[in-house]
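Right, one structure below, let's go through it.
The sequence lines fix the lettering, A, B, ..., with proteins before strands; numbering per chain opens at 1. Side-chain atoms are counted along with the backbone in the values below, which use heavy atoms only and exclude waters and symmetry mates.
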Amino acid sequence: MSSNTQTASGLPQRYAAGSRDRQLVAALVRWYRRHRRDLPWRETSDPYAIWVSEIMLQQTRVTAALPYYVRFLAEFPDVDSLVRAKEAKLLEVWSGLGYYRRARQMQQAARVIAEQHDGAFPNTFEALLALPGVGPYTAAAIASIAFRRPHAVLDGNVIRVISRLVDEDGDVTRSEVKEALRLKAQSLGDTGAPRRFGEFNQAVMELGATLCVPRNPHCLVCPLASGCVAYKRGVQESRPVKPPKGRTLELEMVVAVVRRGSSLLMRQRPADEALMPGFWELPEEAAERLDENCLQDLGIQLVEELGRFRHGITFRSYRGRVYRARLAGSLPRGYDWIAAGHLDKIPLTTVTRKALKAKLRVQD
DNA sequence: AACACGTGGCG
DNA sequence: TCGCCAAGTGT
């Protein structure tokens, strides 16, 4: 499959491959070897460590993932330690990185590896794809980087680099267009050494992350410039083509700081909650419009505004206000008093971390 | 197929 | 400030 330039359905491939491509790929790999960033997951051949890095890098920048990667591997150095990890510890280590489902899925995958693969890391694209949290991108990345198998990755970087290279003008959110780009990436990688496909994949991604960036790409120093159709036509800034985004929904949010001595009123989100299960948070309410009575159902009366913050999730944008508040009735269901000194030992939602930070700013 | 999921950096 | 978007996956 890897060297097949036809689609499974027998459709003709969309972009031609030739000896020109081989030269471009060679130039790209030379550039990569010279300019690649020193990153810890590039210094290991341990499939487990490479898997951890690939999961963390999903929709996440290298600079954001870096400290988490180091901490995670120190805390959970192998499959076995991840299987045995306490959920609270896992979430604490992941807290702040985002997409928290990834952490739980990693533990599920670790269990699958321990139980169904006898602890040996799966080493084929198909077996990797079967792991929770591992999709086509991550399976191809691990297969090529850790196991030297010839599978092209398709991520945001590859989409950008290849769509510019061939001047793809179709909407890259469409699956047919993405598949055409993936096939082109595969055929490019197939012009090089099969067991170096991982290096090719990383070279394309590194190019996308550092030179072939969304705005103001550095085409003058790009190793692919001589073969880049979009650059030739001067339309590189207009590739890839994506549909316009819908408008974001503006919402208000109120967060209450209720103190008892040096403790704060907080609740742990239920384990079956869709959004950030198991995380701790201050009492909060969100709606289009909120007044000072908004937390009365919990018996909470707002006293004084302490600070403001903003928070956005997908298409929703929250304007948050933090209030000093007091508890009129008894302890609301699901709530507890948490010692302030304990806050750095439990996983907090980002809204709560932002609220506490906004409050500190005001009180300083 | 279209959405939801988090967060931070950049122009 | 604000929108874009980053080494995607699951539903």
Side-chain angles (χ1 to χ4, degrees), chain A residues 32 36-37 39-42 50-69 91 94-106 108-109 128-146 151-161 171-178 182 185 198 200-210 212-217 237 240 242-250 273-277 279 281 308-319 347-354 357:
Chain A
Y32 175 67
R36 67 178 216 166
R37 293 166 289 180
L39 301 171
W41 47 85
R42 287 181 174 162
I50 290 167
W51 169 58
V52 171
S53 74
E54 290 301 340
I55 299 294
M56 284 191 171
L57 289 166
Q58 290 170 2
Q59 297 283 283
T60 307
R61 289 171 194 282
V62 163
T63 52
L66 209 40
Y68 287 85
Y69 173 84
L91 294 179
W94 205 275
S95 180
L97 191 55
Y99 287 120
Y100 299 98
R101 192 169 52 177
R102 291 183 295 182
R104 294 164 184 287
Q105 286 172 330
M106 284 187 78
Q108 292 168 19
L128 289 161
L129 190 59
L131 296 174
V134 175
Y137 162 78
T138 307
I142 300 172
S144 65
I145 297 169
H151 295 274
V153 297
L154 189 71
D155 73 334
N157 288 310
V158 180
I159 287 173
R160 190 166 54 254
V161 170
D171 176 352
V172 298
T173 63
R174 288 174 50 211
S175 53
E176 314 90 85
V177 175
K178 277 193 286 203
R182 195 192 62 75
F200 164 76
N201 280 333
Q202 292 185 84
V204 181
M205 292 191 282
E206 188 81 347
L207 189 78
T210 61
C212 194
V213 290
R215 276 154 307 190
N216 301 316
E237 297 253 28
K242 294 181 183 180
K245 292 264 167 80
R247 236 183 72 70
T248 60
L249 187 60
E250 296 284 344
E273 197 101 15
L275 181 57
M276 294 193 281
F279 282 74
E281 64 187 7
R308 298 187 170 201
F309 65 94
R310 291 198 55 112
H311 187 63
I313 302 174
T314 315
F315 68 97
R316 281 166 296 173
S317 176
Y318 296 98
R319 293 173 191 281
L348 299 178
T349 66
T350 295
V351 162
T352 288
R353 276 189 283 110
K354 284 186 179 176
K357 202 168 154 190

> Partners of A:R174 by salt bridge (Lys or Arg N to Asp or Glu O under 4.0 Å), sequence neighbours excluded?
Replying inline: A:E176

> Does A:R160 make a side-chain N or O approach to OP1 or OP2 of C:dA7 shorter than 4.0 Å?
Replying inline: yes

>> Can you tell me how the ring of A:H311 sits relative to the ring of A:Y318, calling it parallel under 30°, perpendicular over 60° and tilted otherwise?
In response: parallel

>> Between B:dG11 and C:dA7, how far apart are the two P atoms, rounded to whole Å?
In response: 15 Å

> Between A:R215 and A:L97, which has a closest nucleotide on DNA chain B that is more 5'?
Replying inline: A:L97

> Contacts to DNA chain B from residues 128-140 of chain A, heavy-atom cutoff under 4.0 Å, which residues?
Replying inline: none

>> Under the rule for salt bridge (Lys or Arg N to Asp or Glu O under 4.0 Å), what residues qualify as partners of A:R104, not counting sequence neighbours?
In response: A:E87

>> Can you check the distance between B:dC5 and C:dA6, where both ends of the measurement are the C1' atom (answer in whole Å)?
In response: 14 Å

> side chain to side chain contact (heavy atoms under 4.5 Å, CB included) with A:Q58: which residues, sequence neighbours excluded?
Replying inline: A:I55, A:R102, A:T138

> A:L154 CG to C:dT9 P: how many Å, rounded?
Replying inline: 10 Å

>> For A:P214 and A:Q58, find the nucleotide of DNA chain C closest to each by heavy atoms; which residue's nucleotide sits nearer the 5' end?
In response: A:P214

> Below 4.0 angstrom from OP1 or OP2 of B:dG6, is there any side-chain N or O of A:R102?
Replying inline: no

> Would you say A:Q59 reaches C:dG8's phosphate, i.e. side-chain N/O to OP1/OP2 under 4.0 Å?
Replying inline: yes

> Taking only residues two or more places apart in sequence or in another chain, which ones pass salt bridge (Lys or Arg N to Asp or Glu O under 4.0 Å) with A:R353?
Replying inline: none

> Base, sugar-phosphate, or nothing for A:Q202, non-hydrogen atoms under 4.0 angstrom?
Replying inline: nothing

> Can you list the residues that meet the salt bridge (Lys or Arg N to Asp or Glu O under 4.0 Å) rule with A:E54, with sequence neighbours excluded?
Replying inline: none

>> Could you tell me how far C:dG8 sits from B:dA1 if I compare only their C1' atoms? Round to whole Å.
In response: 16 Å

> Which value, in whole Å, describes the distance between the P atoms of nucleotides B:dG8 and C:dT9?
Replying inline: 22 Å

>> What is the separation between atom CZ on A:R61 and atom P on B:dG6, rounded to the nearest whole Å?
In response: 18 Å

>> Say we look at C:dC5 and B:dG6: how far apart would their C1' atoms be, to the nearest angstrom?
In response: 13 Å

>> Quick check: any donor-acceptor pair below 3.5 Å linking the side-chain of A:T60 to the base of C:dG8?
In response: no

>> Tell me whether A:N201 contacts the main-chain N or O of A:V153 through its side chain, where contact means a donor paired with an acceptor under 3.5 Å.
In response: yes

